[in-house]
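This structure is a prediction, so every number in the text was calculated from the model and none was measured. We're numbering straight along the sequence, starting at 1.
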Amino acid sequence: MPVNPADLDRAQRALAAALDGSGPPVEFAEDGRAILRPEAADPAAGGAEGVVAVVRTSGSTGTPKQTLLTRDALTASAEATAARIGGEGQWLLAVGPHYVAGLAVLSRSIAAGTTPAALEPGPFTAQSFAAAVDRMERGTGFRALSLVPTQLTRLLLPGSSGSSTDGPGPIAGFGGAAVDALRTFDAILVGGASVPRRLRDAAAEAGLRIHLTYGMSETCGGCVYDGVPLDGVTAELVHDPASGVPRLRLAGPMVSPGYFDDPERTHAHFGVGTEADPDARWYLTEDTGTVEGAPGAPGGQRLAVTGRVDDVINTGGMKVSAAAIQRVLESLPGVHAAFAGPVPDLEWGQRVCAAVVPEAEGAFSEAAARASIRDRLGPPAVPKQWLVVDALPLLPNGKTDRQDLLARFTPPL
């Protein structure tokens, strides 16, 4: 959750001190308090030189980590972001600084010499958002905002299934104070989870300046905007022998040196040296995807994320993509949101399961969904167990809580 104005000021001052070397590295608690982490900059204690911040991952896969972020990495991220979105100015903090997206808002504000505004603590609603925007500085200065898809849904499509219940339904003609407030931003970054087509279409129809971002704590947040890596960032595919599918590897100056006091996972995911740049730091993601174009010139590559390595379901000896199943489901009329994943199965090895959030009662047809998946992805991809739910469970950062959902299916063997 965002923080109180007084706590926000203290948080920004603590990060600024770490960045200029007058204070130790910091980690932010959920309430915005700055926790001093001097050991994070000590290699002998499991840290790394130049570290100024520690971010704990959400643990959406059940394995939370402490990501180390350096001064150089955060600075590079802020500079590349400003270059891509077209300016520096005042940011609105709509996510807590204990997440990398919130921390990045603070570091970008420090780089720009501005003070961010923040939502008041409490539930994220259209009313609280509009009130926070109204408290921002007046004038013609550059304005920027970072949201997760769930937040944008609550602003653009209030009352839709699985989102806020503050409104009676989708905004007719995209009016209302919250949408008017969104239009005042020169750049709105949306990341942290996949963005459904319906939401992207609504944002375009409302005339919003949206940038879909891809990245993670290990890259100081988003380092690929609208499918194009930021300046200085390169992407490549690396074969994963365990899953048999290629994994995305990201390289650039905003890559973390690793995880605090976790040499095994640091060694597995981080390194130095790519074909394009022998000195570039890289991070091996858990994602699958495609990369087109050659690294080097800005804008020379295009990247698309197709799923996660652990989204590859091996069912009856056939490999299917949970992300592809989800995309098919979310493209069907009457489906607001969907999830697909595996659970252990004695006969199949892994059983394909799916959860669906319908637009309205009776709007979802399991038979039609089965037929569509069979036609587009083949029989092995058709889920063998289904759940119809009012909303997908979410982690505090807006990502789908995979562990919660998988636990709702038939207990594993």
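Between E27 and R33 there is no salt bridge, since none of the side-chain N atoms of the basic residue sits less than 4.0 Å from a carboxylate O of the acidic one. Looking at R247 and D287, no side-chain N of the basic residue comes within less than 4.0 Å of a carboxylate O on the acidic one, giving no salt bridge. Using a 4.0 Å cut-off between charged side-chain N and carboxylate O, D311 and R402 make a salt bridge.
Qualifying side chain to side chain donor-acceptor pair (under 3.5 Å) partners for R10, counting only residues two or more places apart in sequence or in other chains: D7. Qualifying ring-ring contact (aromatic ring centres under 6.0 Å, His included) partners for Y225, counting only residues two or more places apart in sequence or in other chains: none.
Side-chain contact of T150 with T153: a donor-acceptor pair under 3.5 Å is absent, judged by distance alone. A donor atom on one side chain and an acceptor atom on the other are found under 3.5 Å apart for S22 and D20. A donor and an acceptor atom, one from each side chain of R143 and T184, are located under 3.5 Å apart. A donor atom on one side chain and an acceptor atom on the other are not found under 3.5 Å apart for S256 and T67. Residues R376 and S331 have side chains that bring a donor and an acceptor to within less than 3.5 angstrom of each other.
Here the side chain of E292 pairs no donor or acceptor atom with the backbone of Q301 at under 3.5 angstrom. At distances below 3.5 Å, not a single donor-acceptor pair connects side-chain atoms of R370 with backbone N or O atoms of V382. Side chain of R108 to main chain of E79: no donor-acceptor pair is present (N/O by atom type, distance under 3.5 Å, no hydrogens or angles). Side-chain N or O atoms of T219 include none that pairs as donor or acceptor with a backbone N or O of G215 at under 3.5 Å. Distance alone, capped at 3.5 Å, places no donor-acceptor pair between the R351 side chain and the Q385 backbone. Side-chain atoms of S321 do not come within 3.5 Å of backbone N or O of V312 as any donor-acceptor pair. The main-chain N or O of I210 is never found under 3.5 Å from a side-chain atom of R200 such that the two would form a donor-acceptor pair. The closest donor-acceptor contact from the side chain of T81 to the backbone of S77 lies under 3.5 Å. In terms of modelled atom types and a separation under 3.5 Å, the side chain of R135 and the main chain of A130 share no donor-acceptor contact.
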Evaluate the criterion side-chain contact (heavy atoms from CB on, under 4.5 Å) for residue pair L199 and L156; output intermediate values, then yes/no.
CA-CA 8 Å; L199 184 57; L156 275 181; 4.1 Å; yes

Step by step, would you call F270 with R281 a side-chain contact (heavy atoms from CB on, under 4.5 Å)?
CA-CA 7 Å; F270 295 90; R281 291 200 60 82; 4.0 Å; yes

Evaluate D201 against R198 for salt bridge (charged side-chain N to carboxylate O under 4.0 Å, His left out), listing each step before the verdict.
CA-CA 5 Å; D201 291 345; R198 179 176 180 234; over 6 Å; no

Please determine whether side-chain contact (heavy atoms from CB on, under 4.5 Å) holds for the pair V228 and R84, giving the CA-CA distance in whole Å, both sets of side-chain angles, and the decisive distance to 0.1 Å.
CA-CA 10 Å; V228 179; R84 179 60 57 85; 3.8 Å; yes

Evaluate the side-chain contact (heavy atoms from CB on, under 4.5 Å) criterion for residues Q66 and V55: first the C-alpha distance (whole Å), next the side-chain angles of each, then the deciding distance (0.1 Å), finally the verdict.
CA-CA 6 Å; Q66 298 181 63; V55 176; over 6 Å; no

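Side-chain contact between I325 and I373 is present, with heavy atoms from C-beta onward closer than 4.5 Å. Residues V224 and L230 are not in side-chain contact: their nearest non-hydrogen atoms beyond the backbone lie 4.5 Å or more apart. V100 places none of its side-chain heavy atoms less than 4.5 Å from the side chain of T57. Side-chain atoms of V335 and P358, non-hydrogen and from C-beta on, never get closer than 4.5 Å to each other. Taking 4.5 Å as the limit, some side-chain heavy atom of Q12 sits within range of a side-chain heavy atom of S109. Counting heavy atoms from C-beta on, the side chains of C223 and L250 come closer than 4.5 Å. Using a 4.5 Å heavy-atom threshold, the side chains of L387 and V356 count as separate. Using a 4.5 Å heavy-atom cutoff, the side chains of F260 and K65 are not in contact.
In this pair, Y259 and H269 present their aromatic rings perpendicular. The plane angle is above 60°, beyond the 30 to 60° band.
From L237, atom CG reaches atom NE2 of H239 across 12.0 Å, with rounding to the nearest 0.5 Å.
In terms of heavy-atom proximity, L106 sits nearest to P116 at CD2-CG, 4.1 Å. Of all heavy-atom pairs between C220 and A104, the closest is O-CB, 4.3 Å. Nearest approach of A118 to L92, heavy atoms of both residues: N-CD1, 3.9 Å. What you find for G46 and L68 is that their closest heavy atoms are O-CD1, 4.2 Å. When all heavy atoms of T114 and G89 are compared, the pair lying nearest together is OG1-O, 2.9 Å. Between Q90 and T115 the shortest heavy-atom distance is NE2-O, 3.0 Å.
The neighbour count for E49 CD, taken as heavy atoms of other residues, nucleotides or ligands under 6.0 Å away, does not exceed 12.
Cation-pi check for R56 over Y99 is not met; the charged atom does not lie both under 6.0 angstrom from the ring centroid and within 45 degrees of its normal.
For the side chain to side chain contact (heavy atoms under 4.5 Å, CB included) with L145, the lone residue among V105, L208, L182 that qualifies is L182. Tested against W386 for a ring pair (Phe, Tyr, Trp, His ring centres under 6.0 Å), the candidates F364, F339, F409 yield a single pass: F364.
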